[in-house]
J.: 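I am attaching a structure below and will ask some questions about it afterwards.
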Amino acid sequence: MAYDYEKSIRPGKLPHIWCPGCGHGIVMKGLIRAMDSCELDRDNTAVVSGIGCASRLPGYLDTCTLHTAHGRAAAFATGVKMAKPEMNVIVVGGDGDGTAIGGNHFIHACRRNIDMTYLVMNNSIYGMTGGQFSPCTPTGAKASTTVYGNPDPTFDIAKLAIGAGATFVARGTAFHATQIDKLIAEGIKHKGLAVIEILDDCPTTYGRRNKFRSVIDMMKRLKEIAVPVAAAAKMTPEQLEGKVLTGVLHKEERPEYTEQYAQVIQRAQGA
Amino acid sequence: MAYDYEKSIRPGKLPHIWCPGCGHGIVMKGLIRAMDSCELDRDNTAVVSGIGCASRLPGYLDTCTLHTAHGRAAAFATGVKMAKPEMNVIVVGGDGDGTAIGGNHFIHACRRNIDMTYLVMNNSIYGMTGGQFSPCTPTGAKASTTVYGNPDPTFDIAKLAIGAGATFVARGTAFHATQIDKLIAEGIKHKGLAVIEILDDCPTTYGRRNKFRSVIDMMKRLKEIAVPVAAAAKMTPEQLEGKVLTGVLHKEERPEYTEQYAQVIQRAQGA
Amino acid sequence: MSGAKAEIEIIERYCKGCSICVEFCPTKVLAMDAFVVKVENADACIGCMQCELRCPDFAIKVHKL
Amino acid sequence: MSGAKAEIEIIERYCKGCSICVEFCPTKVLAMDAFVVKVENADACIGCMQCELRCPDFAIKVHKL
Amino acid sequence: MAERYEIRFSGAGGQGLITAGIILAEAASIVEGKYAVQSQSYGPEARGGASKSEVIISDGPIDYPKATVVDACLAMTQVAADKYANGIKPGGLLLLDDDFVKNVPEGDFRVVKIPIMRIAKEDVGREIVANVVALGAMIALTDVVARDSGETAVLAKVPEAFLDLNKKAYSLGFEKVKEAMEQ
Amino acid sequence: MAERYEIRFSGAGGQGLITAGIILAEAASIVEGKYAVQSQSYGPEARGGASKSEVIISDGPIDYPKATVVDACLAMTQVAADKYANGIKPGGLLLLDDDFVKNVPEGDFRVVKIPIMRIAKEDVGREIVANVVALGAMIALTDVVARDSGETAVLAKVPEAFLDLNKKAYSLGFEKVKEAMEQ
Amino acid sequence: MAKKVALMQGNEACAHGALYAGCNFFAGYPITPSTEVAEVMSVELPKIGGKFIQMEDEIGATAALIGAALTGAKALDSTSGPGMSLKQELLGYACIAEIPCVIVNVQRGGPSTGMPTGPSQSDMQQAMWGTHGDHAAIVLTPASCQEIYEETVRAFNLAEKYRMPVQIQLDEICAHMRERVEFAEPGELEVIDREAPSVPPEEYKPFDDTKGLVPPLAAFGSGYRYHVTGLNKAADGFPTTKAELVDAEERRQIDKVMLNQKDIQKNEEYLLDDAEVVLFAYGSTSRSARYAVNELRKEGVKAGMFRPLTMWPFPDERIAELADQAKAIVCPEMNLGQMVREVERVAKGNCTVAHIGRVDGEPINPGQIIDKVKEVL
Amino acid sequence: MAKKVALMQGNEACAHGALYAGCNFFAGYPITPSTEVAEVMSVELPKIGGKFIQMEDEIGATAALIGAALTGAKALDSTSGPGMSLKQELLGYACIAEIPCVIVNVQRGGPSTGMPTGPSQSDMQQAMWGTHGDHAAIVLTPASCQEIYEETVRAFNLAEKYRMPVQIQLDEICAHMRERVEFAEPGELEVIDREAPSVPPEEYKPFDDTKGLVPPLAAFGSGYRYHVTGLNKAADGFPTTKAELVDAEERRQIDKVMLNQKDIQKNEEYLLDDAEVVLFAYGSTSRSARYAVNELRKEGVKAGMFRPLTMWPFPDERIAELADQAKAIVCPEMNLGQMVREVERVAKGNCTVAHIGRVDGEPINPGQIIDKVKEVL
Ligand SMILES: Cc1ncc(C[n+]2csc(CCOP(=O)(O)OP(=O)(O)O)c2C)c(N)n1
Ligand SMILES: Cc1ncc(C[n+]2csc(CCOP(=O)(O)OP(=O)(O)O)c2C)c(N)n1
Ligand code: SF4
Ligand code: SF4
Ligand code: SF4
Ligand code: SF4
């Protein structure tokens, strides 16, 4: 049956503001399915974002939604979760929001291992401001501030998250739509900070500058470069050249932050 | 022969402001020896720091020194290096300065792989403000804001740096004084961003709260926990429990940022 | 007799004409009509849901028959 | 006859009395005198430089003989 | 031409209306040496959504840089026509794409209709030049700059490869509207 | 006691002078119910460097919370004595540790000398209580709070295990200075 | 039973006042000379099941503060100049999203790192204008440890009542001096909690002003699902660029403060009835000023003091009256001329307005004030 | 040869002005409505061997700006409200460490994210007071594309001459409208470079004021080794807490601006000679005001306009004169009352001071101004 997205979307909010072909809508659908499959109580779920096209997502969801300042979503979310650990907290946002200006809050959320799900919609560009390069823009690519080709190296968000201590890291693509909800759901169920990166597309500000004739080409590229971790294990480095691993890239167990703090309270009250 | 540190130190600036037993002085000596061994031209060397006890270091060195704002040293340094790539740029500072408030600039300096040396004097605490915990304070430890034991997980600076893309990462300790200059010198010679973490001590705000009777105990602990990477390779996980690896932990070659930008200039001028 | 395994509902007001659904429909059920998608070959639908899943704009619903 | 391999110079004005040098001198050449270090057993010095290297305060110089 | 002549190009984002405004302003201020100010307003959406571009042309310095009541208005969509028609000066002009604007707003202004989009698509062969068609039509109607100045400005703006296409679009806009007026 | 009585404890960082000031202020304001304000100044160094702590005691509310010219001043180091001696009121008091202050500043004040550090180390057995020795001496000299009040405040501040040590230090300070005055 | 009393620093009194007001969340980042506020909160909050979190930086701290406040927490944050500058963007967020919370700024010498251990009152204009965009501010300036305790309670009350951030501006002297503080008994001081919505969740609009200038705020997780944003928005909380809605939002957020000035204003008037010279003073400087007033009165000078406890919104009306009454208003401030500008603005030339500025890390002493008063009279 | 002319946006004109002034370094972080400044610089700078760097955030951008400036670069940064708020701490650093650099703020609706695409003039007080601590500010407010080009050159000149950060405050209208801009020929406009030290390196003190209020600044890497800090410091650049040295530093840094006001001030006076009502207007609003003046004159109203191009330091003296001369000063601003406060302060009640505020994302149109003028007269 057709999936019932409407029940999770605030009445009258569609059509959304995203451009034709923008992958953010695909990711939003995955998020809705994931929230449904985890049976999250919408009264007790907060979806928090920063600023950017991707960060407009929460406005559509019929739950507690918090659209904050550029880059600060993880820190706002940390306040929500610390103050009310019984809430489910999901952070959503773009690669710019999360890894440029928001980099510090991102790595510290990973370090604390606070029980939140951080969904990065990585379209490799600052879409909302018209296509300046982000820390996730491929080296050499064109953006409005790199007309001669981007000199900047690119963050591997998963590697960064693991380096900072994230205990669950997964990656999917907007093309592999059926996988998105599964990865997010696994992240939601994980106790601790879960990072889910979805490789996404921005036909408006990235595609055209980088010789993608249309969003279709961008989707095809996502299809081509993605290699599931299991498959990758059987491939040679040459075969993996230019590919990107998808699936659950990292999972470990470490004490969760609000539980650790509950122990602080116990110690304080025991003393 | 006694090492001639004086020639590198600004006249009249000693004794320095650090407390009795503070490891920062030991690290500063290592830095001076490293700068000497690399024969850095002091007229063309900038030493840049943020705010904190460790960040007071540049004031003593007879070179171009820049004591900036808390956490921002790497970004100031990036400006210096970009504008004048022929300068040697060294960033120094504490664990708080570099990985708490300065975390974002730290990871982006690593990502860019700009040719600078980043020396973190990690004493696991905010010394200057009187001993609040830092992201590098061990879980469970006491600090002025964690009297019930620190609930926060600890950053592994090396892991974070590697995750962010640093191309040279090394670790030493204030006890292993002879090694400090070697590691820093190797970092200075490395083309790209080099992170050198020196495990340090703050007897005043950390030691006393955490049952170290004196700085001697703190030094002894450093001696005990350090295991050189080569030795570690032959040890079992059980033997490595509670230990910390020292030496060069990571080294790779990637294009350096100012060189990449030089190519942007070429492309712009060629067009 | 129709071979369709599913009926496609298009919410025209939501469709922004990106043509993702058209491209990735394995049986070429859909086509662009100026700025909005339309069902061109309803019978061919195998009900794989790819169009619904990938439509960024909540503009397609696949009702299995 | 002195067995000292080096002469220890102490810059009292710099010494903050942390006693790191005292502790880690392998031959116990140094000792604390109230707040400042002093050379107590000059002859024993093997010139290993450990005290100079580790003094955080630039207060010790080891002059090899 | 009045001391201060105001033209508005309105429609949807992505239709190139801002470019049309810029070209007109260039024709006036760079090619003809008059004074001109071009401005636009836009919403949070990167594409889609309403779009408008305004040009003020004058023989002397222009103070207030925004349109007050415009002398001429282009509306490429119904939404735009509905929204901006009442911002036209009495006796002014409303140019519209009659394939898209079905309900023609009423008011004290002259209405000129041509199928701008269709001309671009069918006669020129590329929808993307609809803005240049509109620009040609607007210049033909208002005489705010000389036909040649408009063409010079158009050609200065587009890449080599598209010169002919745009030249054709501009001329067609100019002529089709003349035809429409004669009818 | 004057309406407003000002006492300064000065010396080096780490000597516990701030604590001495706090205890005196507690003796006055908590134990005796007077008004008191304690304040301090400190430099960028965490330890070492100059340190000073000031207490103002009064029967009524205290406006200006900083010392103006003090009634009594403790100097534990030469640096402190040199720096603060001229901040003493005419006819005021300077208490100093004569092991450390060799050049006794001159001025219109009474100078009382006792070897505070030495008393702490040799007579009490722990240098760390030098501040309590000094406090005892200061209270003995100024009578700004009752001897008992001072003791109560000292004992309220220190951990169980150190009660006796501090009691002893306080008494010794009190008595040694009385002896010194009698000499 | 005797009341609990203790000798404590202004910073400690602030923390205890917050606890009395029901504060159950603290987010901060350490900085001299404000750290004691955080330190006390880190010890006390877990005892009552509250939460203390030390964030990665000041921006993160303010973000967490706002996030927590949205769950219904009463949230406190403390900092000093450099941190306050960093918080400015999110302070604006708290204004436009109307989030109740309290931020304590302990002023030290500046700009930049300046003199971290020196007292100052040089962030007073920043308190009003530090963030971009138009907004209202409530800023309190207590002057003794007891008053810091009580004004912190009031700060929380105002934050909750007017659904906005409230700043307490201390100076290093007030923050670090120790005085006896009497703890209030439960019920002794008024404690206000924010108004919760009375409508059912389906009808709730987080910025609905039909019932008054301050819309009720539902807590996240209390059954109300709504949207919060830093964009201009309609009553339902969703972004808008409609001119009339934006205008209404911006003006209401200022009106809620300016039209409630009577309730928000608080000040002390000392010997003003017949005053010919008025000292306008606040924070620790007001203590020198009171001392100076007393001395001047002894000498027969008709001096008095106006001491704002609410600095912003600025007490325009009363200062205008005093300017009519007095020959001169003298403003001692540990800065190079900040609040004196407001006094000048309001005085409209009706009396002499003079400033005594000091930025060398030393307090303004009574003698300086006395001299200046004599000079202007 | 005919001069090069082009139709360009205010933001583009700003970038080209910077290039004319010798700007060879840009650090920034994109934000609407300022991005075009960065975009033009990213294209143009590498062509002349200059450097463009997009930093990880606005704080990093200002840090890089200052770092580059210390190597001798002429450095530019552009942003808008939220970014400007984030920059405040380091703006203070540039003040106290006396670093020449230029920051362009394109004002949009606020506070917080507010209305990113709407014009505004609501960061005008922030421009002066946004950072903590006492400091001076130089803030320019041009009103046409040509003027933005030229004032950007002047901004660099002032930054270099007075060794401090200079802000250009644009509004979204000026930033995004397109007008014809004439490029200046080399030599046509004055271009000032900072004074390099004349003493040998051993004698160089980076904050030595014995030769004047603005100490020469050596470039890192030019053979001068010295120390820079955001702490209060002595002439030699090393930290101090000595009261007299701190006092001297703080006052000199303000004096260098306030005592050079003649050189720094710039404004346009339009039909003021006989004006009974003065419009105080700046940025795009001044264009409505000029239109209004012309209309009013037609109706026989003696209206004129005072248009500050240097907004800070505020033109106290001239406004005071105008307050004496005129019946009223009317201040149209796209905010809820910012610069009007300064006018009130300076007018000292000598004339009516009225404000026209607008914060709904729409420009203030001439009609509104005309109505208000008629109301107050
Ligand atoms: C403090 C601040 N700086 C900059 C901006 C401007 N800004 C808004 S969104 C954005 C980047 C958006 O990129 P990303 O997060 O990748 O999301 P996308 O728009 O691509 O979905 C920027 C730079 C801002 N709003 N606030
Ligand atoms: C913006 C800002 N926030 C906070 C501070 C206060 N502060 C100064 S140093 C410091 C921490 C220092 O710790 P670390 O960097 O580890 O160095 P250490 O003192 O231990 O050597 C803090 C929090 C500041 N100066 N500026
Ligand atoms: S600009 Fe890019 S990211 Fe933003 S809505 Fe359009 S396609 Fe999506
Ligand atoms: S407080 Fe700690 S880090 Fe700072 S100087 Fe003292 S020992 Fe060193
Ligand atoms: S050189 Fe070696 S042996 Fe000699 S005093 Fe120093 S540590 Fe001891
Ligand atoms: S290590 Fe240096 S400072 Fe410490 S006691 Fe020895 S000489 Fe003194």
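Keep in mind that this is a model prediction, so the values were computed, not measured. Residue numbers begin at 1 in each chain, while the letters A, B, ... track the order of the sequences.
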J.: For a quick test of reading the model, state the closest non-hydrogen atom pair linking A:I216 to C:F24 and the distance between them.
T.: O-CZ, 4.2 Å
J.: Suppose we screen for side-chain hydrogen bond (donor to acceptor under 3.5 Å, both in side chains). Which residues come up paired with A:K220, at least two apart in sequence or across chains?
T.: C:E23
J.: How long is the straight-line distance from CD1 of A:I26 back to CD1 of C:I20, given to the nearest 0.5 Å?
T.: 4.5 Å
J.: Given that the side chain runs from C-beta out, which part of C:C55 has a heavy atom under 4.5 Å from chain A: side chain, backbone, both or neither?
T.: both
J.: I'd like to check A:C19 versus C:K16 (side-chain heavy atoms, cut-off strictly below 4.5 Å). Are they in contact?
T.: no
J.: Do C:Y14 and A:H16 have side-chain heavy atoms sitting under 4.5 Å apart?
T.: no
J.: With a 6.0 Å cut-off (strictly less than), is the heavy-atom count around NZ of C:K28, excluding the residue itself, greater than 12?
T.: yes
J.: Other residues, nucleotides and ligands only: do more than 12 of their heavy atoms fall within 6.0 Å of NZ on A:K211?
T.: no
J.: Give the interface residues of residues 44-51 of chain C toward chain A, defined by a heavy-atom separation under 4.5 Å.
T.: C:M49
J.: Do you know which two heavy atoms are closest between A:C22 and C:P56, and how far apart they sit?
T.: O-CB, 3.2 Å
J.: Specify the closest pair of heavy atoms between C:R13 and A:P15, including all atoms of both residues, with the distance to one decimal.
T.: NH1-CD, 3.8 Å
J.: Of the backbone (N, CA, C, O) and the side chain (C-beta and beyond), which part of A:I9 lies under 4.5 Å from a heavy atom of chain C, both, or neither?
T.: side chain
J.: Taking atom CD of A:E6 as the centre, does the number of heavy atoms from other residues, nucleotides or ligands within less than 6.0 Å exceed 12?
T.: yes
J.: Sort by residue number and list every member of residues 29-52 of chain A having a non-hydrogen atom under 4.5 Å from chain C.
T.: A:K29, A:I32, A:R33
J.: Specify which of A:P203, A:S214, A:G25 makes the most heavy-atom pairs with chain C at under 4.5 Å.
T.: A:G25
J.: I need the A:M219 CE to C:S19 OG distance, nearest 0.5 Å.
T.: 10.5 Å
J.: Can you name the residues that form a side-chain hydrogen bond (donor to acceptor under 3.5 Å, both in side chains) with A:S124, not counting sequence neighbours?
T.: none
